[in-house]
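Residue numbers start from 1 in every chain, and the chains themselves are labelled A, B, ... in the order their sequence lines are given, proteins ahead of strands. Quick note: numbers below take in every heavy atom, side chains included, and nothing from hydrogens, waters or symmetry partners.
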2 protein chains.
Amino acid sequence: MLVVEDEPAIAELVALYLRRDGFGVHLESSGDAALAAIRSLSPVAVVLDVGLPVLNGIEVCRAMRAAGDWTPVLFVTARDDEVDRLLGLELGADDYITKPFSPRELALRVRTVLRRSSGGVSDVLQVGSVRLDVGERRAFAGSDEVSLTSTEFGLLAYLMKSPRQVFSREQLLSAVWGYSSVAGTRTVDVHVAQLRAKFGASSPIRTVRGVGYSADAS
Amino acid sequence: MLVVEDEPAIAELVALYLRRDGFGVHLESSGDAALAAIRSLSPVAVVLDVGLPVLNGIEVCRAMRAAGDWTPVLFVTARDDEVDRLLGLELGADDYITKPFSPRELALRVRTVLRRSSGGVSDVLQVGSVRLDVGERRAFAGSDEVSLTSTEFGLLAYLMKSPRQVFSREQLLSAVWGYSSVAGTRTVDVHVAQLRAKFGASSPIRTVRGVGYSADAS
DNA sequence: CCCACCGATTCGCGAAATGTTCATGGCACA
DNA sequence: TGTGCCATGAACATTTCGCGAATCGGTGGG
């Protein structure tokens, strides 16, 4: 997954959410660097800001297509009038999203674009007997479905994306709740408790005293 | 394969994608030239822009049908209300797609149209006990027919094309209402409520709080 | 054995998302 | 031109969820 965006703050935020959804993310800030990266990295999809300086997103996409590269592209546009330009010309895109967007929305669209272009592979996470279908937003304990809220799902998904890796409460807050969150670190505990209650004995969340939590089979 | 489109940029792009899919593509930019080309080339299918100057797409199709030519036609329309006109006129259209469209989507539909016209298979979507005949635009709950408006049908069909996949309200608006739609996201809710009311207990629409909706059996 | 610290759990409030109803206005069709 | 259907958004009802505070439990060090 390649993200091309010249505003570092936005780029970081987007990367954060995509990584949380299990994508390997590489960042670029200019059009020509993007083209080089696309050639060398062969990403599964490209998130492309239209308003790049010098070589803009549309031109990058056109160059890719002209070179025979059909990697899925998702455009990010700043304003509605840019949308109109998109509408007329660049049908080479697979989807677009308008700023300001919620990172969650972006991640959803990326998955949709990938599913459309690659024939319906939905990404499934599994740790122990717990299974998470990210595309369908469903959770299972063995064969029983467990109903999770949005936050619970995001938290569990983030942990399960990196099994056995330990995350601090602060890490989890910024990753799952976002940078602008005002929630206290105790809130993480509450949701962990909630998850454990819902999964019972098969709960995959391990406490690492003095450090944080991790998703683990045992 | 004949593509009739008066905007050169779009025509070129569409041709690019169709050729990539192995079709031989011929381009025309006006209605009367299209009719001549159809007679002389006998294409396997025609991609026809509704908004052509002078002789528009609908008239071209009507002329073809009147002349006994039942070559599959895929309409490209700029707006949803044109869709209604298409359906109301009950032309021999085999499918339609709204601008702006993803070229991938177009290629997909062309293949579907060709398959249908050669094998006579009408595509039917089914989730749980709800069945949607896309070709005839009819909906059924079990064996009972349910009467849907065109917006309701479009929404339900889009959801059922990707069962269990979750779509945000924004995604649904883009896909069903069109990119240039100005409708608010709550409008989606209203139509979901309509569909649920019409299908009652067998409603296939699942709410995913904080994310959106999906079509689902359970 | 006691104390301090950390984590687990419960509870209630406030906020946000969703469901539903209704009035308006536009558009197609007669 | 009149009629009726339907999309739309506002308004209201309802449910759900996030969050912090308080309490309880457990663990390890002194």
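A donor-acceptor contact shorter than 3.5 Å links the side chain of A:Thr149 to the backbone of A:Glu152.
Distance CD1 (B:Ile205) to C1' (C:dG19): 13 Å, rounded to an integer number of Å. For B:Lys198 and C:dG19, the NZ to P distance is 18 Å, given to the nearest whole Å. Residue B:His191 contributes atom NE2, which lies 16 Å from atom C1' of C:dT18 at whole-angstrom precision. The CG atom of B:Leu155 sits 15 Å away from the P atom of D:dC6 (whole-angstrom rounding).
Nucleotides of DNA chain D nearest to B:Ser147 and A:Thr149 differ in position, and the one nearer the 5' end is that of B:Ser147. Comparing A:Leu148 and A:Thr185 along DNA chain D, the residue whose closest nucleotide (by nearest heavy atom) sits nearer the 5' end is A:Leu148.
Under the 4.0 Å criterion applied to side-chain N and carboxylate O atoms, B:Arg39 and B:Asp69 are not assigned as salt-bridge partners.
Side chain to side chain, A:Thr207 and A:Arg196 meet the donor-acceptor criterion of an N or O pair below 3.5 Å. Side chain to side chain, B:Gln171 and A:Thr112 meet the donor-acceptor criterion of an N or O pair below 3.5 Å. The closest side-chain donor-acceptor pair between B:Arg164 and B:Ser214, if any, does not fall under 3.5 angstrom.
The phosphate of D:dA7 has neither OP1 nor OP2 within less than 4.0 Å of any side-chain N or O from B:Thr187. A sub-4.0 Å separation between OP1 or OP2 of D:dC19 and a side-chain N or O of A:Trp177 is present.
Between A:Phe167 and A:Tyr158, the angle of the ring planes lies from 30° to 60°, which puts this pair in the tilted group.
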Distances for protein N or O near nucleotides 7-12 of chain C N or O, under 3.5 Å:
residue	atom	partner	partner atom	Å
C:dG7	OP1	A:Gly210	N	3.0
C:dG7	O5'	A:Arg169	NH2	3.4
C:dA8	OP1	A:Arg196	NH1	2.6
C:dA8	OP1	A:Thr207	OG1	2.7
C:dA8	OP2	A:Tyr213	OH	2.5

